[in-house]
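Here is the naming used below: chain letters follow the sequence lines, and residue numbers restart at 1 for every chain. These numbers come from a predicted model, not from an experiment.
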2 protein chains.
Amino acid sequence: MTTAAPSSRALAHPTRDEIRLESVLHALADPMRLRVVRELAEEGENSELSCSHFVLPVTKSTTTHHFRVLRESGVIRQIYRGTAKMSVLRRADLDVLFPGLLDSVLAAAARQDDRLGDGGSEGAGGLGG
Amino acid sequence: MTTAAPSSRALAHPTRDEIRLESVLHALADPMRLRVVRELAEEGENSELSCSHFVLPVTKSTTTHHFRVLRESGVIRQIYRGTAKMSVLRRADLDVLFPGLLDSVLAAAARQDDRLGDGGSEGAGGLGG
DNA sequence: GTCCTCGTACGATAGGCATCGTAGTACGGC
DNA sequence: GCCGTACTACGATGCCTATCGTACGAGGAC
């Protein structure tokens, strides 16, 4: 699957067999990371989003850290594309390993947001940076 | 549901509305706690198991800590019954808040155990791709 | 070639947490 | 009343982690 120029920089990912449920749950338990995963899921299975696409209320360093946790736990796949680093949800792998888990978590997150009125207008906290 | 005297000691539990997805995921992300939850689930919805029923490779202090995390995150309900402290899975509440989530996690855990040969001594068989 | 943008690496820091040991409380049996 | 069992509370400890700031490398724009 040599798509275009993968650059010389490669990133280490766990194989499907190396993905652990505990690590996935831990990765999803963080609000920032859950937010990233939800956004990736909403974009579609094959959508690649750059790190800079996400506007998180933390610095770039911290964002890098969160993406690393997601990648090393097997939740997302990351590839370099020019100066940008694209992230894709590993939905297929996760669905094979843990059928229904990702959908349940995503649905639960959406439901909770709806219940708490988080998706509306009030932001409660300024996204100052 | 006669259940005799509930003792005077009461334990604080989050109401259904107070249960947060992040807290539940965090609670389930720990191997010890996931083990407890799985055992509770296998016993049936209304089964009460005492803390001492669980044989965990940690001290009683640590066991108490884990049960507290599970209780405060809303995953289990605990009541005193004599000197024993019984634990019950809050399956109904969780199913209302996050439909399918608990089942997905339990199924995923069972599947992973099976895949890794945790239940017995068979050498890590299916190394798919 | 030079500069700018994107993201990384490294160090530092503060807080959380899993773990232990010990001392203490509640309840039931004798 | 006394003791044993079941569990708790508290303090200590060491690791993990979420966060930041700064310095740095890679790749594209001009």
Side-chain angles (χ1 to χ4, degrees), chain A residues 4-13 20 22-37 48-73 75-88 125-129, chain B residues 3-13 20 22-37 48-73 75-88:
Chain A
S7 294
S8 54
R9 293 180 288 175
L11 289 164
H13 290 80
R20 292 287 173 277
E22 297 86 346
S23 302
V24 171
L25 290 177
H26 174 76
L28 298 178
D30 184 276
M32 293 296 160
R33 294 194 289 261
L34 183 56
R35 190 161 151 178
V36 169
V37 170
E48 297 177 349
L49 292 182
S50 67
C51 293
S52 58
H53 169 88
F54 300 89
V55 186
L56 301 177
V58 291
T59 64
K60 282 197 301 178
S61 307
T62 307
T63 301
T64 296
H65 161 70
H66 284 310
F67 273 98
R68 174 197 288 264
V69 173
L70 285 172
R71 172 168 48 85
E72 292 183 346
S73 68
V75 176
I76 66 173
R77 192 176 290 280
Q78 293 188 291
I79 58 173
Y80 283 105
R81 204 171 287 283
T83 63
K85 190 184 194 179
M86 313 305 285
S87 298
V88 196
L127 283 87
Chain B
T3 63
S7 294
S8 54
R9 291 181 289 173
L11 289 164
H13 291 80
R20 291 289 174 274
E22 296 86 347
S23 303
V24 171
L25 291 178
H26 174 75
L28 297 179
D30 184 275
M32 294 295 160
R33 295 194 288 261
L34 183 56
R35 191 162 150 177
V36 169
V37 170
E48 297 178 349
L49 293 182
S50 67
C51 292
S52 58
H53 169 88
F54 299 90
V55 186
L56 301 177
V58 291
T59 64
K60 283 200 299 180
S61 306
T62 307
T63 301
T64 296
H65 161 69
H66 284 310
F67 273 98
R68 174 197 288 264
V69 173
L70 285 173
R71 172 168 48 86
E72 292 183 344
S73 67
V75 176
I76 66 173
R77 191 175 291 279
Q78 292 188 292
I79 57 172
Y80 282 105
R81 201 171 292 283
T83 63
K85 190 184 193 177
M86 314 305 286
S87 297
V88 197

*Asks:* From the list D:dC7, C:dT19, D:dT19, which nucleotide is the closest neighbour of the side chain of B:Y80?
*Replies:* D:dC7

*Asks:* Given atom NE2 of A:H66 and atom P of D:dA18, what is their separation to the nearest angstrom?
*Replies:* 6 Å

*Asks:* Using whole Å, what does the distance between atom P of nucleotide D:dC7 and atom CD of B:E48 come to?
*Replies:* 13 Å

*Asks:* Provide, to the nearest angstrom, the distance between the CG atom belonging to A:D30 and the P atom belonging to C:dC17.
*Replies:* 12 Å

*Asks:* Can you check the A:E72 CD to C:dA9 C1' distance for me, whole Å?
*Replies:* 14 Å

*Asks:* Tell me the interatomic distance from A:F67, atom CZ, to C:dG7, atom C1', rounded to whole angstroms.
*Replies:* 11 Å

*Asks:* Any base atoms under 4.0 Å from B:S50, or only sugar-phosphate, or nothing? Heavy atoms, all strands.
*Replies:* sugar-phosphate

*Asks:* Atom CG in B:L28, atom CD in A:E22: separation rounded to 0.5 Å?
*Replies:* 10.5 Å

*Asks:* Is there, by distance only and without an angle test, a donor paired with an acceptor across the side chain of A:K60 and the base of C:dG7 below 3.5 Å?
*Replies:* yes

*Asks:* Would you tell me if any nitrogen or oxygen in the side chain of B:R68 comes within less than 4.0 Å of OP1 or OP2 on D:dA9?
*Replies:* yes

*Asks:* Test A:E48 against every option in A:H53, A:R77, A:Q78, A:R81 by the side chain to side chain donor-acceptor pair (under 3.5 Å) rule and name the one that passes.
*Replies:* A:R81

*Asks:* How far does NZ of A:K60 sit from SG of A:C51, to the nearest 0.5 angstrom?
*Replies:* 10.5 Å

*Asks:* Look at the side-chain N and O atoms of A:H65 and state whether any lies under 4.0 Å from the OP1 or OP2 oxygen of D:dC20.
*Replies:* no

*Asks:* Whole angstroms only, please: what is the CZ-P distance between B:R71 and D:dC7?
*Replies:* 13 Å

*Asks:* Over all strands shown, is A:H26 touching base, sugar-phosphate only, or nothing at heavy-atom distances under 4.0 angstrom?
*Replies:* sugar-phosphate

*Asks:* Return yes if the base of C:dG7 and the side-chain atoms of A:T83 contain a donor-acceptor N/O pair under 3.5 Å, otherwise no.
*Replies:* no

*Asks:* Closest approach of B:S73 and B:V24, non-hydrogen atoms and distance?
*Replies:* O-CG2, 3.7 Å

*Asks:* Take the protein atom NE2 of B:H53 and the nucleotide atom P of D:dC7, then report the distance between them rounded to whole Å.
*Replies:* 12 Å

*Asks:* What is the minimum heavy-atom distance between A:R33 and A:A27, and which atoms define it?
*Replies:* NE-O, 2.9 Å

*Asks:* For B:R81 and C:dA26, give me the distance from atom CZ to atom C1', rounded to whole Å.
*Replies:* 16 Å

*Asks:* Check every strand shown and say whether A:S52 touches a base, only sugar-phosphate, or nothing at a heavy-atom separation below 4.0 Å.
*Replies:* sugar-phosphate

*Asks:* Looking at B:R33, I'd like to know whether one of its side-chain N or O atoms comes within less than 4.0 Å of OP1 or OP2 on C:dA18.
*Replies:* yes

*Asks:* Hey, is the side chain of A:S61 pairing donor to acceptor with the base of C:dT8 inside 3.5 Å?
*Replies:* no

*Asks:* Choosing from C:dG7, D:dT19, C:dT8, which nucleotide comes nearest the side chain of A:T64?
*Replies:* C:dT8

